[in-house]
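Shown next, in C-alpha cells, is the structure this report addresses.
Order of listing sets the numbers, starting from 1, for every ligand and every atom in it.
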Amino acid sequence: MSESVKVAVRCRPMNARELQQGCRNVVTIDSASKCCTLECPAAAGPGNGKVYQFDAAFGPEATTEFVYENVGSVIVEAVLDGYNGTVFAYGQTGCGKSHTMRGFIERTLDHIFEATSTANAEMRYLALLSYLEIYNERLRDLLQDGGSDLLTLKEDPNRGTYVAGGLREVTVKDAAECARLVEQGDRRRAAAATKMNAASSRSHAVLTLSLETLAINEESSKTENPVKRGRLHLVDLAGSERQARTGATGDRLKEAASINLSLSALGNVISALAAGHGRHVPYRDSKLTRLLRDSLGGNARTLMIACISGSDVDAEETLSTLRYAARARCIKNKPVVNEDPKDALLRQYQLELQRLRKLIESNDQSLVKEIAAKAEIEDEESIEQREYSEHVKRLKEECEHSNLFAQKLREELQAMKIRYEAGTIGDTRPKPVSQQPMDEQDVEREERRRKKREAAMQEVLKRLEKLTIGGEEQGNAELRRRREKRRKRLEALASALETSAQEGNGSVFQVYGQLRSTEDALKRMAKRAKQLEAEAADLQACWDAERRDLLRRELLTSQICDAMVPHLRPGCPFRDVAAVRSTATWSDELGRWRLPDATPRISLPPASLVPKDNTQYNVVPSKPDLNNNSNNEDNADEMDVEAENEESSEQEQAKKLDIVDTYFRRNRIDKLLAHAREAKTFEPGSRLSRSVGSEESVPFGGNRLQLNALNLQSSAPVIGDLDGYRPTQRLPTGRTSRPGCTLEENSINNKSCLVNQAIRRNPPRILEALPSQRNLQGTNGAFKFGNKATSDRISDKLSSAFVRDQADDDRSTLVEHARSPTY
Ligand SMILES: Nc1ncnc2c1ncn2[C@@H]1O[C@H](COP(=O)(O)OP(=O)(O)OP(=O)(O)O)[C@@H](O)[C@H]1O
C-alpha cells in the first residue's frame with residue numbers, strides 16, 4: 001500500500017541579528033490545524049497571507065524533543081519493524097536544518113538502542129553505522145580519512161542504491177558509541193562561516209543506520225526465521241543560498257553553486273514525483289537525488305522537515321521552501337518490509353548457529369554416531385571412486401596399446417562398472433558403524449571430532465554475542481516502561497482498528513472490511529481534494545499577486561500621465577488621455593499599441609518676412625514616429641522628401657531662423673498691440689474703443705486682422721523700399737469685417753480715406769508707444785498709402801522694424817523659447 005511523504009514545517013525563532021535589525025515576523029504557525037501562514041508582503045493586514053497545510057507544524061517555541069516525539073519517532077519505529085526510513089531537513093541557509101537534525105540523530109540513537117535493549121532475549125539485532133557527505137558532487141566518508149575517491153553510487157535491484165568502494169560501516173552496540181562516531185564525522189564535515197550562518201554546512205550529510213533483526217527462539221532452531229533489515233537515513237542538507245546575501249566568494253561560492261545545483265535537482269525530482277502520471281523522474285541529475293531514490297518515490301517511509309525563518313527579510317525563501325514542501329506531500333512511496341535480504345549478515349550467522357546448536361544440544365550419541373558414520377561413508381565412497389577412475393584410466397591406456405586384449409579388457413571394464421554401481425547405489429554391503437561395533441580407536445576419533453565442533457560453535461556464539469545486541473536492559477523497568485509508553489502511543493489507532501476487526505465474526509468482518517476500504521478510499525479522496533484545494537488556493541494567490549502588481553504598474557502609468565498632461569501644449573491630442581486610450585488600437589504585427597498621430601497640426605501664423613525667391617517653407621517639425629502610426633512606405637516617402645530638401649538645406653537653415661525670428665516678433669508686437677488696445681479702450685470716444693471686438697471673434701492667425709482692426713495700416717507710413725518683402729500667408733481676399741470697421745481690399749478710396757482719417761486724428765497708442773525710428777520714415781523719407789497689400793506690407797514692415805530694435809534683448813530668449821519642446 002502506498003503512503004505519502006510526510007511533511008512537517010518548523011519555524012525557528014528570530015536570531016539576534018534579526019532582532020537587532022528590527023525584522024518583522026511574517027510567519028504564523030497553527031499547530032492544532034497543522035497550518036503555516038506566510039504573510040505576503042503584497043497582502044495588506046494580517047490574515048491575508050498564504051496558508052499551507054502540512055502533516056505537522058511547529059512554531060519557534062517547539063523544542064527538538066517535541067518535534068521528534070511527534071513526527072520523528074514514527075519513522076524510527078518503522079525502521080525497527082524492518083522498513084526503510086528517511087528523515088531529511090530542507091530549507092534556506094541558517095533556518096535550523098543542522099540544529100534539527102543534530103537533535104534528531106541524538107534522539108533516534110536513544111530510541112533505537114532503547115528498543116533493542118529492552119527487547120526479548122531471543123531477539124538479536126545487528127546495528128551498522130555509516131556517515132558520508134556529498135561535497136561538491138563528490139562522496140566522502142566521514143568515518144575515515146582518505147580513500148573517499150573510490151566511493152561511488154551503485155544501484156542494485158535487491159539492495160537498492162548503495163555506496164560501493166569501501167564506505168566504512170561500523171558495527172555499533174549503544175548510543176554512546178554512535179554519538180562518538182557522529183561527533184568524529186561532524187568534525188570532518190565541511191562547514192564554514194557565511195554572512196547568514198556562522199557555521200554553515202557546505203555539504204549534504206547522510207548518516208545511515210542499518211538495523212538487522214533476527215528472532216532466535218526455540219522455533220527458530222527448527223524453522224528459519226526471516227531476517228528483517230530496516231535502514232534509516234538521516235539527511236542534513238546544505239541550505240539554498242543567494243550569493244548576494246551570504247557574501248560567498250572563492251571556495252564558498254563554488255560550494256554554493258554545487259549546493260544550489262543539487263538542491264534544484266532535488267526540487268525537480270520532487271516536482272516530477274508530485275506531478276505523477278508516469279513523468280520521467282530525473283534522479284540521475286545529482287548524487288543527492290540518486291542517494292535519496294528509495295526515499296522519494298521508493299519503498300521508504302519518508303519525513304521531510306521544512307525549516308523556515310519567520311523574518312520578513314527571508315519571506316521570499318520561506319515561500320519557496322513552503323511551496324516545495326507542499327509539493328513533496330503529494331509524493332507517494334510504497335513502503336515494504338525488507339525481509340530476508342540476501343546479503344544480511346545475520347542470515348549467515350543464523351545458519352551457522354542453527355547447525356552448531358543442533359550439535360551441541362544433542363546428547364543423542366546415536367545421532368553423533370550417525371553423523372560420524374555418514375562422514376566415513378562419504379570418505380570411503382570418495383576413495384573407491386578415486387580407485388575406480390584410476391583403474392579405468394589405466395585400462396584405457398592398456399587398451400590403446402594392445403588391440404589383442406581389447407575385447408577382454410572391455411569386458412573387464414564393464415564388469416567393474418557394474419560392480420561399482422551395485423556397490424554405491426544398491427549398497428548391499430554392511431554399514432561399518434551400524435553393523436559392526438566401534439572399536440576404541442573409533443571412539444577416540446569420534447570424541448576428538450565432537451570437541452572440535454563444540455569449540456567451533458562456541459566461537460560462533462562468541463562472535464554473535466560480540467556483534468549483535470538485544471535484551472541488555474531487560475531488567476531496567478524504567479526503560480521498559482518508557483518504551484512501552486512510546487509504542488502504545490504510536491500504535492493506539494492501529495491497534496484499536498485491529499481489535500474491532502478481530503471482534504467481529506466472519507461475515508460481519510467481511511462487511512466491515514468492505515466498509516473500511518470504502519471509508520479509506522473516501523478519506524484518501526477527501527485528502528487529495530484538500531491538497532488540490534490548497535494547491536488551487538496557492539495558484540490563485542500567485543495570480544492575484546501578479547494581477548495586483550500589474551494593476552499597480554497601470555496606476556503608476558496613469559499617475560505619470562496625469563502629471564505630464566498639464567505640461568503638454570494646448571491642442572496636443574495626448575492632453576485627452578481617455579480619448580487616446582479609446583482611439584488606440586492594438587497591432588499584432590508590431591506587438592504594441594498604435595497611438596493617435598501626435599504630429600502638431602496647428603497652422604502657424606504667417607511669418608512676416610518672405611525671402612525674395614518666394615519659397616514656401618514647411619515648418620512642421622520632423623520628429624521620430626513614436627506612435628507607430630507610419631509604415632515603412634511612409635517613412636521611405638519622407639526620406640525621399642528629405643533627400644530633396646537636403647539640396648537646399650543650407651539656404652533653408654538661414655531662412656528658418658528668419659522665419660522663427662519674424663514669427664515671434666509678431667507675437668511680441670501682438671502683446672504690445674494688446675496693451676495698446678487696452679489703453680485705447682479707456683480713451684473716451686476713441687475710435688479704437690468702438691472698433692475693437694472681442695478676441696474670440698478674431699479668426700485664428702488673425703494678427704493681421706488685429707492690426708487691421710486697429711487700422712494700423714492706415715496710420716502706418718508706407719516704407720518705400722518694401723519690394724523685397726511679402727507676407728508669407730495671405731488672408732482671404734474677401735471682405736473682412738469687424739464691428740466698427742469695414743475694409744474692402746480693393747477699395748483704395750475707402751482705405752485712403754480711413755488712413756487719412758487716422759492721420760488726421762491722433763496717432764494710435766501703438767505708434768505713440770513706438771520709439772521714433774528712422775526706418776519709419778522710409779528710405780525716401782516719405783509716407784505712402786497704398787491698397788491692402790501695401791497696407792499689409794506696411795504693417796509687416798512696421799512690426800519688423802519696431803521689434804528689431806525693441807526686442808533685440810529678447811531675441812535670444814524668444815528663439816530659444818520657440819525651439820523648446822513645449823511648442
Ligand atoms: N529551532 C531553533 N531554536 C533555536 N535556535 C535555532 C533553531 N533553529 C536554528 N537555530 C540556530 O540558528 C543557527 C543556524 O542554524 P543551523 O546551522 O542549523 O542552520 P542550517 O539551516 O543548517 O544552515 P546551513 O544550511 O547554512 O547549514 C544556529 O545557531 C542554530 O542554533
Side-chain angles (χ1 to χ4, degrees), residues 8-21 23 25 27-29 31 36 56-72 87-107 133-136 142 182-183 185-207 234-249 251-264 266-267 288 304-311 313-314 316-318 320-322 324-325:
V9 64
R10 186 182 193 192
C11 181
R12 70 155 166 76
M14 291 251 194
N15 59 31
R17 180 171 44 88
E18 287 162 345
L19 290 173
Q20 207 177 12
Q21 286 173 359
C23 295
N25 180 43
V27 172
T28 316
I29 299 286
S31 302
C36 170
F58 304 98
E61 69 294 336
T63 60
T64 305
E65 172 82 36
F66 184 75
V67 177
Y68 178 80
E69 287 302 329
N70 278 276
V71 289
V87 180
F88 70 98
Y90 180 91
Q92 181 205 359
T93 182
C95 280
K97 296 182 297 297
S98 303
H99 178 86
T100 303
M101 288 317 295
R102 267 196 287 271
F104 262 55
I105 289 171
E106 195 186 319
R107 279 156 191 86
E133 72 171 351
I134 304 171
Y135 176 73
N136 283 348
L142 292 175
V182 171
E183 207 185 309
D186 281 342
R187 276 203 294 271
R188 288 190 181 97
R189 191 179 170 193
T194 66
K195 270 192 202 167
M196 291 189 73
N197 188 359
S200 176
S201 314
R202 313 310 293 162
S203 64
H204 310 300
V206 185
L207 181 83
L234 297 169
V235 187
D236 177 16
L237 296 178
S240 55
E241 57 185 58
R242 278 192 281 161
Q243 194 265 339
R245 296 193 66 195
T246 55
T249 51
D251 279 354
R252 298 293 85 77
L253 190 62
K254 215 172 113 189
E255 288 159 4
S258 168
I259 290 167
N260 288 340
L261 215 66
S262 57
L263 285 178
S264 101
L266 178 65
L288 176 69
M304 171 181 180
I305 303 174
C307 295
I308 56 169
S309 140
S311 162
V313 288
D314 295 325
E316 210 177 300
E317 283 87 354
T318 301
S320 162
T321 304
L322 291 175
Y324 271 115

Residues which pass salt bridge (charged side-chain N to carboxylate O under 4.0 Å, His left out) with [X], listed by chain and number, not counting sequence neighbours:
| X | answer |
| --- | --- |
| Glu316 | none |
| Glu255 | Arg202, Arg252 |
| Arg188 | Asp145 |

Check whether any side-chain heavy atom of Cys95 lies under 4.5 Å from a side-chain heavy atom of Thr321, and answer yes or no. no

Using the side chain to side chain contact (heavy atoms under 4.5 Å, CB included) definition, which of the options Cys307, Ser200, Ser240 pairs with Thr93? Ser200

Does the pair Arg102/Glu106 count as a salt bridge with the N-to-O cut at 4.0 Å? no

So which residues, sorted by chain and number, lie with a heavy atom under 4.0 Å of ligand 1? Arg10, Arg12, Pro13, Gln92, Thr93, Gly94, Cys95, Gly96, Lys97, Ser98, His99, Asn197, Ser200, Ser201, Ala238, Gly239

